[in-house]
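Take this structure, written in structure tokens, and hold onto it; I'll ask about it next.
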Amino acid sequence: MKGLELSRRYYEAYGKAMLAQFPALEEEFAAGLAGRGSECFGFDDEISRDHDFGPSFCIWLKRDIYERYGGKVQEAYEKLPAEFLGVPGRVMEETGRGRVGVLCLENFYYGLLGTERVPETNLEWLRLQDEHLSTATNGAVFEDRSGAFSRIREGLLSYYPEDVRVKKIAARMARMARAGQYNYMRAMRRNERVAAELFLQEFIRESMQLVYLLNRRYAPFDKWIHRGMKELPICSEIGDMISLFYQVDRAEDRALIIEAISNIIVQELNAQGLSNLEDNFLQNHLHVVTEKIGDETLRRMQFLEG
């Protein structure tokens, strides 16, 4: 059983009755499982269950409510049965503390995003990173009596404003062109293999992040970004092409994969109306793409910013 389903069943079996002991919280809490942890993304497996895994859930309380009742509710939470459906109690590493149990709603979002609210301007959105937004919006909310937690969550899930999305797309295109299409083969010709490998890794990471942007999805952190591409409806084949880098050794073969990936990106840019060029060199699309940005501040930024 996946950790998210285990959490839901554990909450239904014990969490609801526990919270019913606190009538003052009847309309003041949200419960679910979200945040850091493979199970929150639905990617947990036997390997990931050796730490920070087990029957558990989160209870989110607004700060004023948390300060009044958080301690008492946490005491009740810690008295719940550790083992559930044959799954042992959660074994937490030091870095895994504070992921489940009673949490301050505002602190939850601030700890992941550096803000307690949904961004209000394009610049605020631009400063956020996909992996943090992905972590803040993963998992599931089982119940939200106050609505406060879900209002922030839904605002974040509405995704980047289009000008911000396009600016981030342009930045990743610029890095892909610089690292993969320009610098990789130049480094190999100089026999600078370490530099070449760094450029290849940058191209791979930026390519994956760009695919998520084209899908209007937040990219998870490195551990799951490639695996998550299988679930994307647009350009998911790029994930398979990236795997080919680790099946070939010749630089010339890797360069062909770089160009094939870039070609698919160009086709999708055209399909989304972000470019009308057919040139395979991504850098040549940057002016066309950035002209689609209505926000002058974003449009005038350096290509690599975002």
Side-chain angles (χ1 to χ4, degrees), residues 36 38 40-41 43 112-114 119 122-138 156-184 197-246 254 257-269 271-272 274-275 280-283 285-286 289-290 292-293 298 301-306:
R36 295 185 177 93
S38 300
C40 297
F41 288 100
F43 293 145
L112 295 173
L113 303 174
N122 284 338
L123 286 178
E124 287 181 347
W125 275 107
L126 189 69
R127 294 188 186 103
L128 296 181
Q129 297 180 29
D130 271 37
E131 65 179 81
H132 299 155
L133 286 160
S134 178
T135 303
T137 57
N138 63 14
L156 296 172
L157 284 170
S158 67
Y159 205 64
Y160 295 119
E162 184 62 5
D163 278 354
V164 175
R165 184 181 81 103
V166 175
K167 180 67 189 79
K168 286 179 174 283
I169 286 173
R172 276 141 191 82
M173 290 169 54
R175 294 171 194 154
M176 288 171 65
R178 180 188 65 176
Q181 294 183 289
Y182 182 78
N183 276 317
Y184 174 71
E197 188 64 26
L198 290 174
F199 288 131
L200 179 61
Q201 294 307 312
E202 182 179 0
F203 176 83
I204 289 172
R205 181 176 288 106
E206 298 297 329
S207 298
M208 293 189 290
Q209 290 178 342
L210 177 53
V211 169
Y212 280 87
L213 285 162
L214 291 171
N215 280 273
R216 294 176 171 82
R217 305 275 183 87
Y218 297 128
F221 67 115
D222 287 357
K223 183 178 181 180
W224 300 120
I225 188 171
H226 183 252
R227 178 171 172 174
M229 292 179 72
K230 297 176 182 178
E231 302 173 1
L232 301 177
I234 297 172
C235 297
S236 60
E237 67 270 28
I238 288 179
D240 296 327
M241 297 171 72
I242 286 171
S243 296
L244 293 175
F245 282 122
Y246 303 96
R254 288 182 166 183
I257 298 171
I258 288 172
E259 291 308 314
I261 290 173
S262 300
N263 183 56
I264 293 175
I265 295 298
V266 168
Q267 292 178 42
E268 186 57 31
L269 291 174
Q272 295 195 18
L274 297 176
S275 181
N280 216 44
F281 190 31
L282 294 175
Q283 183 170 306
H285 293 258
L286 292 176
V289 171
T290 54
K292 305 293 183 181
I293 300 173
L298 300 187
M301 285 181 174
Q302 293 290 329
F303 289 135
L304 294 170
E305 291 185 71

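Here the structure is a predicted model, which means the values were calculated and not measured.
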> If you count the non-hydrogen atoms of other residues, nucleotides and ligands that lie under 6.0 Å from CZ in R205, is the total more than 12?
Replying inline: no
>> Between F221 and H132, is the side-chain contact (heavy atoms from CB on, under 4.5 Å) condition met? List the steps.
In response: CA-CA 8 Å; F221 67 115; H132 299 155; over 6 Å; no
> Is there a side-chain contact between Y218 and N138, using heavy atoms and a 4.5 Å cut-off?
Replying inline: no
>> Show the nearest heavy-atom pair for residues S38 and K223, with the distance to one decimal.
In response: OG-NZ, 3.4 Å
> What residues form a salt bridge (charged side-chain N to carboxylate O under 4.0 Å, His left out) with E206, not counting sequence neighbours?
Replying inline: R175
> Considering all heavy atoms of both residues, which atom of A171 and which atom of G306 are nearest to each other, and what is their separation?
Replying inline: CB-O, 3.9 Å
> Atom CH2 of W224 and atom CZ of F41: how far apart are they, to the nearest 0.5 Å?
Replying inline: 9.5 Å
> Can you check whether K168 reaches V164 side chain to side chain, under 4.5 Å on heavy atoms?
Replying inline: yes
> Does the N215 side chain pair with the main chain of I234, one donor and one acceptor, at a distance under 3.5 Å?
Replying inline: yes
>> Taking E305's backbone N and O only, do any of them form a donor-acceptor pair with K167's side chain (distance below 3.5 Å, no angle check)?
In response: yes
> How long is the span from the OH atom in Y184 to the CG atom in L200, to the nearest 0.5 Å?
Replying inline: 5.5 Å
For residues 260-267, tabulate all N or O donor-acceptor pairs below 3.5 Å that involve a side-chain atom, not counting sequence neighbours.
from	atom 1	to	atom 2	distance (Å)
S262	OG	Q181	NE2	3.4
S262	OG	I258	O	2.9

> Hey, what do you get for CD1 (I204) to CD (Q209), rounding to the nearest 0.5 Å?
Replying inline: 12.5 Å
>> Nearest 0.5 Å, please: how far is OG in S275 from CG in L286?
In response: 9.5 Å
>> Please report whether the ring centroid of Y182 lies less than 6.0 Å from that of F281.
In response: no
> So does E162 pair up with K292, basic N to acidic O under 4.0 Å?
Replying inline: no
> With sequence neighbours excluded, what pairs up with E268 under the salt bridge (charged side-chain N to carboxylate O under 4.0 Å, His left out) test?
Replying inline: none
> Looking only at atom types and distance, does a side-chain atom of N280 sit under 3.5 Å from a main-chain N or O of E259, one as donor and one as acceptor?
Replying inline: yes
> How close do L213 and R165 get, heavy atom to heavy atom, and via which atoms?
Replying inline: O-NH1, 2.9 Å
> Under 3.5 Å, is there a donor-acceptor pair between the side chain of R36 and the main chain of T135?
Replying inline: no
> What is the ring orientation for Y160 with W125, classed by angle as parallel under 30°, tilted 30 to 60°, or perpendicular over 60°?
Replying inline: perpendicular
> So which heavy atom on P220 is nearest to which on S134, and how close?
Replying inline: CA-OG, 3.6 Å
> Which atom pair, heavy atoms only, marks the closest approach of C235 to V211?
Replying inline: O-CG1, 3.9 Å
> To the nearest 0.5 Å, how far apart are CG in L128 and CG in L133?
Replying inline: 5.0 Å
> Atom CG of L157 and atom CZ of R217: how far apart are they, to the nearest 0.5 Å?
Replying inline: 11.0 Å
>> Please verify the inter-ring angle class for F203 with F245; under 30° counts as parallel, over 60° as perpendicular, anything in between as tilted.
In response: perpendicular
